[in-house]
2 protein chains.
Amino acid sequence: MPTIEDIARLANVSIATVSRVFNNKPDVSEKTRERVLQIARELGYEPSMPARSLIKGKTGIVGLIVPDISNPYYSEIVRGIEDTCRTRRYNVILCNADNKREKEFEYIDILKNRWVDGVIFHCDYFSEEHYEAFARKNIPIVLAGRATAYDVPYVAIDNFKAAFDAVNYLISLGHERIGLIHGPLDGMKETIDSVDRLMGYKKALSEAGLKICEDLIAEGDFKAKGGYEAAGKILKAGVKPTAIFAVSDIMAIGALNAVLDFGLKCPEDVSVVGFDNIDLSEITRPPLTTIAQPMYNIGSVAAEILINLINGESVERKRIILDHKLVIRSSCKSI
Amino acid sequence: MPTIEDIARLANVSIATVSRVFNNKPDVSEKTRERVLQIARELGYEPSMPARSLIKGKTGIVGLIVPDISNPYYSEIVRGIEDTCRTRRYNVILCNADNKREKEFEYIDILKNRWVDGVIFHCDYFSEEHYEAFARKNIPIVLAGRATAYDVPYVAIDNFKAAFDAVNYLISLGHERIGLIHGPLDGMKETIDSVDRLMGYKKALSEAGLKICEDLIAEGDFKAKGGYEAAGKILKAGVKPTAIFAVSDIMAIGALNAVLDFGLKCPEDVSVVGFDNIDLSEITRPPLTTIAQPMYNIGSVAAEILINLINGESVERKRIILDHKLVIRSSCKSI
DNA sequence: GTGAAAGCGCTAACAG
DNA sequence: CTGTTAGCGCTTTCAC
């Protein structure tokens with residue numbers, strides 16, 4: 001593998017000149033530039049990134065930690081991140097935590113090794129432990145998809161308001177017995193999505209003067225099967241729900257199947273609302289009414305902020321709440 | 001950010017000793033080791049990867065190029081790759097080509113910059129152009145999910161046989177008018193999945209003495225919508241199919257919806273078979289009979305081979321065909 | 001416009 | 001067991 005020295009020798013110039021050529025510095029004669037480039041091409045020379053990084057103190061690499069790459073919600077966020085990083089000439093090191101807390105920390109440690117210029121972190125739950133793991137680092141970090149009270153930049157949506165809107169929509173359709181499939185709570189009191197969405201649900205209900213019935217609330221795991229089982233629990237309880245709101249489309253799809261398997265029809269017998277608006281929500285039958293999250297944008301805005309932070313540019317807003325939107329399809333009908 | 005020198009000074013040892021400690025070399029007294037570690041901890045020292053890589057000539061990073069991260073087939077492969085890379089202490093740089101040929105080449109170029117020790121490449125179609133783009137490099141590469149005639153290691157399945165098996169199953173159920181939704185062909189003659197699967201379909205038909213009817217064959221794009229439209233085309237044609245084989249689950253789901261929207265029922269009126277066995281195939285109604293591809297293993301075996309190649313270990317088998325398997329669920333019934 | 005030389009932070013002989 | 005030293009391949013003053 002040729003080095004800058006090989007090129008310099010063959011081109012009869014100093015390594016400094018070769019370096020200038022490859023960094024597009026102005027003061028190199030056109031003739032020299034051509035010659036250097038020509039020889040480099042012939043030898044298949046490529047500047048060594050590690051050597052460059054060593055001097056510059058930057059790698060041009062961004063670390064990305066996500067809980068589960070196979071979840072379409074995350075893969076869409078990853079797309080957004082990856083795309084804007086590419087246009088800004090950054091590469092992304094992907095770390096899939098596989099829904100395991102230990103792996104998250106394992107990756108945080110790995111990424112601290114000065115490989116990456118910054119990290120985008122997406123977790124279910126941003127704890128003090130996480131905060132401290134990052135705090136000791138002086139590389140920038142931004143949270144994707146999750147707001148936090150800690151002093152960390154983030155890009156997210158208003159989960160409370162989103163759930164509130166979804167349930168309100170159902171109420172406006174005349175539904176009174178509305179089931180909820182929420183995400184894992186793990187006994188957390190902190191502000192996490194699942195809690196926010198649960199609160200939004202309760203708020204909408206109580207504002208409408210409807211009472212909250214625990215039999216209508218079940219916990220899922222953000223997987224189809226969990227949604228299926230949670231819906232089963234709700235459907236089996238005494239109070240027959242006329243609608244179910246699942247806080248993720250995947251769980252909503254599970255719920256849809258549970259409805260079918262109970263011999264009921266959607267939306268005739270029970271309306272279903274999802275959350276996320278992943279591609280899939282359009283191709284179910286019936287297509288899912290859902291809360292659209294701007295996944296791609298969450299990723300791309302997070303990446304944008306991170307890269308600005310890395311470059312020391314001033315970032316006006318570090319805590320961004322993006323808009324959600326109710327997407328009405330045909331999985332709900334009025335009573 | 002502290003360097004090895006800072007630690008050495010504070011610990012009253014030479015930088016060589018500090019280096020030894022951090023590389024777990026045996027000849028350091030326990031006392032010294034402790035002291036060094038202690039001070040390093042206090043200062044939050046982490047060895048600089050770029051500096052290490054510069055010397056070693058290795059980065060411990062593997063490049064991964066996939067056509068579309070948001071496709072569950074690929075995300076499962078990515079999981080496999082990421083997992084085994086992690087256990088082998090490699091990181092992966094994710095490159096999402098977004099189904100665009102130019103981006104593939106753009107990424108090949110980027111990865112050539114000696115950041116990565118090797119690359120795993122997954123594309124729809126491995127052309128001469130690709131081969132040459134890599135050939136000029138002396139870093140190892142392995143193809144995931146795709147066999148090739150070029151001298152490149154790969155991990156794949158036997159697509160021809162798999163399609164053959166799927167269609168044969170349908171034939172064994174008594175079906176005679178079997179539709180096929182294949183992938184994009186792009187006028188390629190080379191050995192690509194879509195072509196292989198198409199051939200497998202034709203072979204099964206002709207072996208059974210059934211004639212091939214072009215009206216029963218339509219092209220999809222590996223998306224649900226494409227599958228939906230292709231199925232529509234097939235369903236609309238004169239010959240009423242009693243079964244449809246889509247060469248990807250996602251397209252099969254589209255087909256399932258088309259069947260419904262035509263006022264038909266699956267499996268009563270038309271049986272549907274998919275391909276891949278992504279998680280989703282289990283949660284459709286009816287659950288999809290499909291050809292299971294070992295996605296996770298494809299990824300993990302590919303990573304294993306690549307890493308062995310990187311480490312100069314001899315790799316006995318460089319061209320691996322993993323087993324596929326027919327998974328029978330309830331989307332098919334006998335005639 | 002171009003070159004010489006001093007590092008960037010670390011590893012790996014080689015000495016002791 | 002520990003220290004000295006010579007680079008790894010490149011960028012960046014500072015001269016000329």
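Source: prediction; values computed, not measured. Proteins come first, then strands; the chains are lettered A, B, ... in the order of their sequence lines, and each starts at number 1.
- At dG3(C), one or more side-chain N or O atoms of Ser14(A) fall inside 4.0 Å of OP1 or OP2 (strictly under the cut-off).
- Asp27(A) places its CG atom 14 Å from the P atom of dT11(D), with the value rounded to the nearest Å.
- The line from NZ of Lys112(B) to CZ of Phe134(B) is 8.5 Å long, rounded to the nearest 0.5 Å.
- If you take CE of Met49(A) and C1' of dC8(D), they are 17 Å apart, rounded to a whole angstrom.
- In this structure, Glu129(B) does not pair ionically with Arg101(B), as no charged nitrogen and carboxylate oxygen lie closer than 4.0 Å.
- Inter-residue side-chain proximity for Ile108(A) and His130(A) is flagged as met; some heavy-atom pair is nearer than 4.5 Å.
- dT11(D) atom P lies 13 Å from atom CD1 of Ile7(A), rounded to whole Å.
- Ring to ring, Tyr73(A) and His122(A) are close: their centroids are under 6.0 angstrom apart.
- Within 4.0 Å (heavy atoms only), Asp6(B) reaches no atom of the nucleic acid at all.
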Q.
Applying salt bridge (charged side-chain N to carboxylate O under 4.0 Å, His left out) to Lys103(B) and Asp98(B), what does each step give before you reach the verdict?
A. CA-CA 7 Å; Lys103(B) 286 201 189 172; Asp98(B) 215 16; 3.4 Å; yes
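- Residue Thr17(B) has a polar side-chain atom (N or O) positioned under 4.0 Å from OP1 or OP2 of dG3(D).
- The CG atom of Asn24(A) sits 13 Å away from the P atom of dT12(D) (whole-angstrom rounding).
- Under the 3.5 Å distance criterion, the side-chain polar atoms of Asn311(A) are left unmatched by any main-chain donor or acceptor of Asn308(A).
- One atom, NZ of Lys58(B), and another, C1' of dC8(D), lie 15 Å apart when rounded to the nearest Å.
- The shortest distance between the side-chain N/O atoms of Thr32(B) and the OP1/OP2 oxygens of dT2(D) is below 4.0 Å.
- When the P atom of dC1(D) is taken as reference, atom CZ of Arg33(B) falls 10 Å away, rounded to whole Å.
- Closest-nucleotide positions on DNA chain D for Pro50(A) and Ser29(B) were compared, and the one nearer the 5' end corresponds to Ser29(B).
- Residue Val28(A) has its side chain nearest to dT2(C) when only dG3(C), dT2(C), dG9(C) are considered.
- Nucleic acid contact class of Ser53(B) (heavy atoms, under 4.0 Å, all strands): none.
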Q) Which parts of nucleotides 11-16 of chain C does protein reach within less than 4.0 Å, heavy atoms only, written one letter per nucleotide 5' to 3' as B for base, S for sugar-phosphate only and - for none? A) BBB---
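- Whole-Å rounding puts the Glu5(A) CD to dG3(C) P distance at 14 Å.
- Using a 4.0 Å cut-off between charged nitrogen and carboxylate oxygen, Glu76(A) and Arg79(A) count as a salt-bridge pair.
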